[in-house]
Amino acid sequence: MALVFIPSPLRRHTGGQSRVDVPGATVGEILGNLTTAYPGMSGQILDEGGQIRPYINVFVNGAEIRTLGGEGTPVGAGDEVSVIPAMAGGRLARAAEVGRR
C-alpha cells in the first residue's frame, strides 16, 4: 500500500484524514482505489473520462508524475503519493499602488 497525502481542501472527503493508505501498483490504480474508497474525491481529482484533471498535480516520492510515467508510474509498498491541487487567486497590486507603499 502507498501512503497518499490529502491536501486540506480535499480532506472533507476523507473524514478529515490528511493521510490514507491506498492499495495499487500504479498511480492510476492508486487514484482509482482512492476515489472508490472516498467517492466525493472523484470529481475533484478526475475528469469525466477518468483522467487526472489538469490542475491536479500528483507526486510519487517527491517526483511529479508528468516527468515520470504519468498514471502508469509504478508505486510500491511504502511509497508516498501526494495529490496537490494548483493554487490560484489572490490579487496583483497595480504598479501605482506598489509605488505608494
Side-chain angles (χ1 to χ4, degrees):
M1 283 201 198
L3 181 61
V4 180
F5 290 88
I6 308 298
S8 296
L10 298 179
R11 290 181 191 161
R12 68 180 183 271
H13 301 295
T14 61
Q17 296 179 82
S18 61
R19 299 173 219 173
V20 293
D21 287 317
V22 181
T26 65
V27 168
E29 288 179 15
I30 295 282
L31 294 179
N33 291 333
L34 177 68
T35 59
T36 297
Y38 305 99
M41 294 190 80
S42 182
Q44 303 295 315
I45 296 173
L46 305 175
D47 64 18
E48 295 75 24
Q51 301 298 307
I52 299 171
R53 292 188 178 277
Y55 56 85
I56 297 292
N57 298 301
V58 179
F59 295 82
V60 175
N61 298 325
E64 214 278 333
I65 65 164
R66 290 181 182 105
T67 65
L68 300 171
E71 291 184 40
T73 300
V75 179
D79 282 346
E80 295 181 349
V81 177
S82 299
V83 177
I84 312 289
M87 301 304 284
R91 179 174 169 249
L92 294 175
R94 290 180 283 160
E97 289 180 64
V98 172
R100 284 186 265 171
R101 294 182 188 166

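Remember, predicted model here, so these are calculated numbers, not experimental data. Residue numbers start at 1 and run along the sequence shown.
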What verdict does the side chain to side chain contact (heavy atoms under 4.5 Å, CB included) test give for Ile84 and Ile56, after you've listed the backbone C-alpha separation in whole Å, the side-chain angles of each residue and the deciding distance to 0.1 Å? CA-CA 6 Å; Ile84 312 289; Ile56 297 292; over 6 Å; no
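Gln17 approaches Arg11 most closely through the heavy-atom pair O-CG, 3.4 Å. Of all heavy-atom pairs between Ala63 and Leu68, the closest is CB-CD1, 3.7 Å. When every heavy atom of Pro7 is checked against every heavy atom of Pro85, the shortest pair comes out as CG-CD, 3.5 Å.
A search for salt bridge (Lys or Arg N to Asp or Glu O under 4.0 Å) contacts involving Arg66 returns Glu64, not counting sequence neighbours.
Linking Ile, Leu, Val, Met, Phe, Trp and Tyr residues whenever their side-chain heavy atoms come within less than 4.5 Å leaves Tyr38 and Met1 in two separate clusters.
Taking CG of Leu3 as the reference point, atom CD of Glu80 lies at 6.0 Å (rounded to 0.5 Å). In this structure, Thr67 OG1 and Phe59 CZ are separated by 8.5 Å, a value rounded to the nearest 0.5 Å. For the atom pair Ile45 CD1 and Ile52 CD1, the distance stands at 8.5 Å (nearest 0.5 Å). For the atom pair Asn33 CG and Asp21 CG, the distance stands at 12.5 Å (nearest 0.5 Å). Separating the NE2 atom in His13 from the CG atom in Leu34 is a distance of 10.5 Å, to the nearest 0.5 Å.
Applying the 6.0 Å contact sphere to CZ of Arg19 captures no more than 12 heavy atoms from other residues, nucleotides or ligands.
A 4.5 Å side-chain heavy-atom check between Ile6 and Val20 finds at least one atom pair inside the cut-off. Two residues are said to be in side-chain contact when any heavy atoms from C-beta on lie closer than 4.5 Å; Arg53 and Gln44 fail this criterion.
For Asn61 (side chain) and Asp79 (main-chain N/O), no donor-acceptor pair under 3.5 Å exists by modelled atom type.
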